[in-house]
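Below: the structure, in structure tokens.
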Amino acid sequence: MTAEKSVLVPLDPDETFALLTEPERLRRWQAVTARVELRAGGQYRWTISPGHTASGTITEVEPAGGSCSLGLGRVRRPATGASTVTITLEPAEGGPACAWSTAPHA
């Protein structure tokens, strides 16, 4: 089953991209600990809370002209198993629209 969610972020696109990709910023709002190698083939690991971790390999990073795509590849989470997560940012009035899509890993 694929799940999708989209929200409007009241920041500029570069700031929003940084919130999703820079460990220091991730630790401010999303994760207790974060490690991110921001490149295709790079590893990431976010500990959301003790015992709740998302980790995997980044499949693509495409920041460009106010929009971007961040493919997190195979995300391993103990509670839900493996899935593929794609995050996209698209220009919108009031700030970028951040769309998060997750699907079972084939």
Side-chain angles (χ1 to χ4, degrees):
M1 182 168 116
T2 299
E4 296 181 356
K5 175 73 176 174
S6 183
V7 297
L8 188 64
V9 181
L11 300 170
D12 68 61
D14 291 337
E15 185 75 15
T16 304
F17 187 75
L19 284 173
L20 296 169
T21 59
E22 293 179 11
E24 179 181 309
R25 294 188 184 207
L26 278 164
R27 287 190 296 267
R28 290 183 190 168
W29 74 277
Q30 176 67 24
V32 176
T33 63
R35 186 179 72 233
V36 179
E37 295 176 56
L38 191 58
R39 61 178 175 76
Q43 300 295 303
Y44 70 91
R45 181 177 178 89
W46 300 345
T47 300
I48 309 307
S49 63
H52 296 88
T53 300
S55 62
T57 302
I58 296 173
T59 57
E60 67 178 302
V61 180
E62 296 181 22
S67 65
C68 80
S69 178
L70 179 64
L72 296 182
R74 185 177 174 129
V75 178
R76 293 175 297 278
R77 292 177 281 196
T80 60
S83 59
T84 300
V85 174
T86 303
I87 301 168
T88 57
L89 300 174
E90 294 294 335
E93 189 173 328
C98 180
W100 185 286
S101 172
T102 182
H105 187 67

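We number each residue from 1, following the sequence as shown.
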Which heavy atom of [X] sits nearest a heavy atom of [Y], and at what distance?
X     : Y     : value
Pro50 : Thr47 : N-CG2, 4.4 Å
Tyr44 : Thr57 : CE2-N, 3.7 Å
Ala97 : Ala92 : N-CB, 4.1 Å
Thr16 : Leu11 : OG1-CB, 3.6 Å

Measure the shortest side-chain to side-chain distance between [X] and [Y] over non-hydrogen atoms and say whether it is less than 4.5 angstrom.
X     : Y     : result
Val36 : Glu22 : no
Glu15 : Arg25 : yes
Arg39 : Val61 : no

Keeping the roles fixed (side chain from Trp29, backbone from Leu19), state whether a donor-acceptor pair exists under 3.5 Å.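 Side chain of Trp29 to backbone of Leu19: a pair is present.
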Assess the side chains of Gln43 and Ser55: does a donor N or O sit below 3.5 Å from an acceptor N or O?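 Per modelled atom types, Gln43 and Ser55 side chains form no pair under 3.5 Å.
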What's the spacing between Leu26 CG and Trp46 CH2 if we round to 0.5 Å?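 Nearest 0.5 Å value for the CG-CH2 distance: 5.5 Å.
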Nearest 0.5 angstrom please: Ser6 OG to Leu89 CG, how far?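 One finds 9.5 Å between OG of Ser6 and CG of Leu89.
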Carefully, step by step, assess Cys98 and Thr88 under the rule side chain to side chain contact (heavy atoms under 4.5 Å, CB included). CA-CA 6 Å; Cys98 180; Thr88 57; over 6 Å; no
Answer with yes or no whether the hydrophobic clustering places Leu8 together with Phe17; edges join I, L, V, M, F, W, Y residues whose side-chain heavy atoms lie under 4.5 Å apart.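 In one cluster: no.
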Assigning hydrophobic clusters by single linkage (Ile, Leu, Val, Met, Phe, Trp, Tyr; side-chain heavy-atom cutoff under 4.5 Å), is Val7 placed with Ile48?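 They do share one cluster, since a chain of ILVMFWY contacts under 4.5 Å joins Val7 to Ile48.
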Residue Arg45 excluded, over 12 heavy atoms near CZ under 6.0 Å: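 No, not enclosed.
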